[in-house]
Every structure is written in C-alpha cells, then in structure tokens.
**Student:** 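Just passing along the structure, written as structure tokens.
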Amino acid sequence: MTVATGLLVLAGTPIGDLSDAPPRLAAELAGADVVAAEDTRRLRRLTQALGVTPKGRVVSYFEGNEAARTPELVEALAGGARVLLVTDAGMPSVSDPGYRLVAAAVERDVKVTAVPGPSAVLTALALSALPVDRFCFEGFLPRKAGERLTRLREVAAERRTLVYFEAPHRLDDTLAAMAEVFGTDRRAAVCRELTKTYEEVKRGPLGELAAWAAEGVRGEITVVVEGAPAKSAAETGPEELVRRVRVREEAGERRKEAIAAVAVEAGVPKREVFDAVVAAKNAGA
C-alpha cells in the first residue's frame with residue numbers, strides 16, 4: 001500500500017506592515033501539521049497579530065540548521081504531513097531559507113504549493129520609477145570588497161534593471177562600488193523600511209546616492225539599479241570586447257564560453273570577439 005504524501009506550503013509573510021498578511025496565511029498557520037519558521041519568536045508575534053494558534057508542531061528552520069532539519073521535514077511530508085514554511089519577511093527561498101527543502105521535497109515527489117504574499121523585490125521595483133518590464137534579482141552582494149567588485153563587473157553590461165538586498169551598515173560601500181563599476185550617473189533607487197512607518201525611497205544617480213548613504217542609513221534595504229544603456233556597434237570596440245571577456249574569465253567562465261557570451265551581448269560575430277582577444281594577447285595587453 002502506498003502512503004499518500006503530504007503537502008509543502010511556502011507562505012509569504014509581511015515585509016513590514018502585518019496587516020499585509022494574505023488572507024490564506026491565517027488558515028494555513030492554524031491548520032498545518034508542522035510550521036517551520038525562520039524565527040519562532042517573530043512567528044509568535046505574527047500569529048498573535050492574526051489571532052490564530054497553530055495546532056501543529058512549530059520548529060525552527062533557519063540558515064544554521066537548514067541542512068540538518070530538511071531530512072526531518074521531508075520525512076514528515078513523505079508520511080502525509082502538511083508542512084508550512086514561513087520566513088521572517090517575504091517569500092521563502094528568495095534570499096531566505098527554503099530552496100533546499102523545496103528541492104528535497106520535489107525529489108521525493110511531494111507536492112509543493114505557495115501562498116503568495118508581499119515581496120520586497122517587487123515592491124521596490126514598482127516604487128523605483130525605473131523600467132520594470134525586464135529585471136534581474138541579484139540578492140546580497142559579497143561582503144568582501146574585491147569579491148563585490150567582481151560580482152558587479154559581471155553585470156556591468158546587463159540591460160535589465162537590477163535588484164539587490166543590502167545590510168544598512170554596508171550600503172555606503174555597496175553604492176560606492178556600484179558607482180565605480182556602473183558609473184556615477186547610472187540611475188538607482190534605495191528603498192528603505194518598505195511598508196513600515198518610516199518607509200523611504202531615495203532616487204537619483206549612483207554618485208549622489210553613495211554620498212547620501214555615507215552619512216549612515218538604517219533599516220531594511222532594497223537597491224534597484226537601472227540597466228546598462230544600449231551601445232552602438234561603434235562604441236563596442238576591440239578593447240571593450242576584450243575587457244568583457246576578461247571580466248567573465250575572472251568570474252570563472254572558460255574563454256570559449258566567455259567569447260560566445262560577449263558576442264551575443266554586444267551583437268557582433270564570435271569571430272570578431274575571438275580576433276580581438278587574440279590580438280590583445282599577441283600585443284601583450
């Protein structure tokens with residue numbers, strides 16, 4: 001006899017204002033067999049605000065115990081349990097715990113569904129006044145300055161709008177690095193404390209935003225950056241093609257793949273990029 005598997009429910013939680021909780025969240029919290037929460041204390045505040053009491057077992061599920069707890073939750077799912085996963089704010093798996101559990105559940109043929117809710121990524125995009133038809137979510141940048149610059153250089157020519165999360169104490173360094181790599185005139189928006197009492201959206205060129213952040217900024221931060229402007233074929237000369245290939249190689253790509261990617265990005269034949277790289281190598285550049 002085959003035992004029916006349970007259901008994994010990923011639930012979005014408010015990013016600030018608790019009244020933004022989706023209506024289904026209260027019902028899921030009340031009815032789940034297991035509630036896995038990134039922070040059980042914050043979960044308690046949320047359930048009190050919603051006026052619900054979880055009937056099921058409440059367990060912690062955060063970065064420090066995610067790997068160890070995932071097998072336990074998967075076994076519960078395989079046994080027929082309804083497991084609800086909530087993080088501190090926003091959607092599980094989006095720069096929060098969740099991906100590992102989703103992947104493990106799918107591997108065991110467990111159904112996964114979601115209760116849509118607030119998202120700092122989409123909220124910041126909508127408020128940024130920057131193009132939102134195409135965008136990339138880049139999460140948190142590396143803490144080390146060199147690694148941060150390398151990551152930014154990887155997307156320096158990206159045409160889509162970029163979205164980042166950042167800690168307030170690193171915001172000034174991050175904006176300064178962005179201004180260095182993307183240019184001081186590239187438009188951006190710093191979205192602070194979204195949906196909370198002191199919500200603020202600061203818009204302007206990266207150079208100005210970096211100077212503003214140097215004075216100190218508090219709160220939860222989402223940064224939205226305008227994509228790179230389109231360049232004509234004449235602007236993308238051999239030196240620029242070589243630079244882009246090197247950036248990709250430094251990021252770990254093989255030269256062949258880097259050349260192909262740069263050719264597509266610049267809208268030129270692969271042979272043109274290859275010839276530029278060979279010429280630079282022969283010239284000792």
Side-chain angles (χ1 to χ4, degrees), residues 15-16 38 62-63 87-99 118-132 134-229 243-244 246-253 265:
I15 59 177
E38 185 177 10
F62 59 98
E63 185 178 358
T87 52
D88 289 350
M91 200 60 160
S93 290
V94 183
S95 282
D96 275 332
Y99 166 76
S119 165
V121 176
L122 297 181
T123 303
L125 270 169
L127 296 176
S128 70
L130 296 171
V132 298
R134 300 173 68 222
F135 68 92
C136 301
F137 175 57
E138 289 289 310
F140 284 93
L141 286 165
R143 297 181 182 182
K144 294 182 179 180
E147 294 176 3
R148 181 167 55 233
L149 285 171
T150 296
R151 182 75 62 81
L152 290 172
R153 286 169 182 148
E154 291 175 14
V155 294
E158 175 58 62
R159 298 282 304 280
R160 292 170 290 185
T161 299
L162 302 163
V163 185
Y164 296 88
F165 286 160
E166 191 51 279
H169 62 279
R170 291 197 297 270
L171 180 63
D172 56 343
D173 289 336
T174 290
L175 290 173
M178 288 178 171
E180 177 183 340
V181 175
F182 299 153
T184 57
D185 293 332
R186 181 85 70 90
R187 293 187 301 162
V190 177
C191 303
R192 186 179 73 85
E193 294 290 87
L194 289 173
T195 77
K196 299 178 184 177
T197 302
Y198 298 104
E199 176 181 285
E200 178 182 23
V201 180
K202 189 77 172 177
R203 306 176 184 88
L206 280 169
E208 291 182 11
L209 291 175
W212 164 76
E215 300 176 6
V217 179
R218 296 181 180 181
E220 300 287 335
I221 305 292
T222 305
V223 180
V224 186
V225 184
E226 182 180 32
R243 185 194 70 79
R244 293 188 189 184
R246 285 176 177 168
V247 166
R248 289 180 172 275
E249 285 185 306
E250 289 171 2
E253 283 190 29
E265 185 181 89

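Every heavy atom of this structure was used, including side-chain atoms; hydrogens, water molecules and symmetry mates were not. Remember, it's a predicted structure, so these values are computed and weren't measured experimentally.
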**Student:** Go through the steps to decide whether L149 and V181 satisfy the test side chain to side chain contact (heavy atoms under 4.5 Å, CB included), and finish with yes or no.
**Tutor:** CA-CA 7 Å; L149 285 171; V181 175; 3.8 Å; yes

**Student:** If I compare all heavy atoms of P168 with all of V217, which pair ends up nearest, and what's the gap?
**Tutor:**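 Looking at all heavy atoms of both residues, the closest pair is CB-O, 3.1 Å.
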
**Student:** I would like to know whether V163 and E138 meet side chain to side chain contact (heavy atoms under 4.5 Å, CB included); could you show each step before the answer?
**Tutor:** CA-CA 6 Å; V163 185; E138 289 289 310; over 6 Å; no

**Student:** Could you tell me which residues satisfy side-chain contact (heavy atoms from CB on, under 4.5 Å) with D96, sequence neighbours excluded, listed by chain and number?
**Tutor:**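 side-chain contact (heavy atoms from CB on, under 4.5 Å) list for D96, sorted by chain: E38, T87.
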
**Student:** Tell me if a side-chain donor or acceptor on R148 pairs with a main-chain N or O of R143 at a distance below 3.5 Å.
**Tutor:**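 Checked: pair present.
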
**Student:** Restricting to pairs with a member in residues 174-192, which pass side-chain hydrogen bond (donor to acceptor under 3.5 Å, both in side chains), not counting sequence neighbours?
**Tutor:**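 Found E166-T174, R187-E226, R192-E200.
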
**Student:** Taking E208 for its side chain and G204 for its backbone only, find out whether a donor-acceptor pair lies under 3.5 Å.
**Tutor:**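 Flag not set: sc E208 to bb G204 has no pair under 3.5 Å.
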
**Student:** Which residues satisfy the salt bridge (Lys or Arg N to Asp or Glu O under 4.0 Å) test with D172, sequence neighbours excluded?
**Tutor:**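 Partners of D172 under the salt bridge (Lys or Arg N to Asp or Glu O under 4.0 Å) test: none.
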
**Student:** Which residues pass the salt bridge (Lys or Arg N to Asp or Glu O under 4.0 Å) test with R160, not counting sequence neighbours?
**Tutor:**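 R160: salt bridge (Lys or Arg N to Asp or Glu O under 4.0 Å) contacts with E158.
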
**Student:** Report the C-alpha distance between T161 and L125 in whole Å, list the side-chain angles of each, state the deciding distance to 0.1 Å, and finish with yes or no for side chain to side chain contact (heavy atoms under 4.5 Å, CB included).
**Tutor:** CA-CA 9 Å; T161 299; L125 270 169; 3.9 Å; yes

**Student:** Does F135 have any ring pair (Phe, Tyr, Trp, His ring centres under 6.0 Å) partners at least two apart in sequence or in another chain, and if so, which?
**Tutor:**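 Expected list: none.
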
**Student:** Which pair of non-hydrogen atoms, one from A124 and one from T222, has the smallest distance, and what is that distance?
**Tutor:**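 Distance-wise, the nearest heavy atoms are CB-CG2, 3.5 Å.
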
**Student:** Considering only residues two or more places apart or on different chains, which pairs with a residue in residues 140-191 satisfy ring pair (Phe, Tyr, Trp, His ring centres under 6.0 Å)?
**Tutor:**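 Found F137-F165, F140-F165.
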
**Student:** Check whether E147 reaches the backbone of P142 with its side chain - one donor and one acceptor, N or O, closer than 3.5 Å.
**Tutor:**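 No; zero donor-acceptor contacts below 3.5 Å.
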
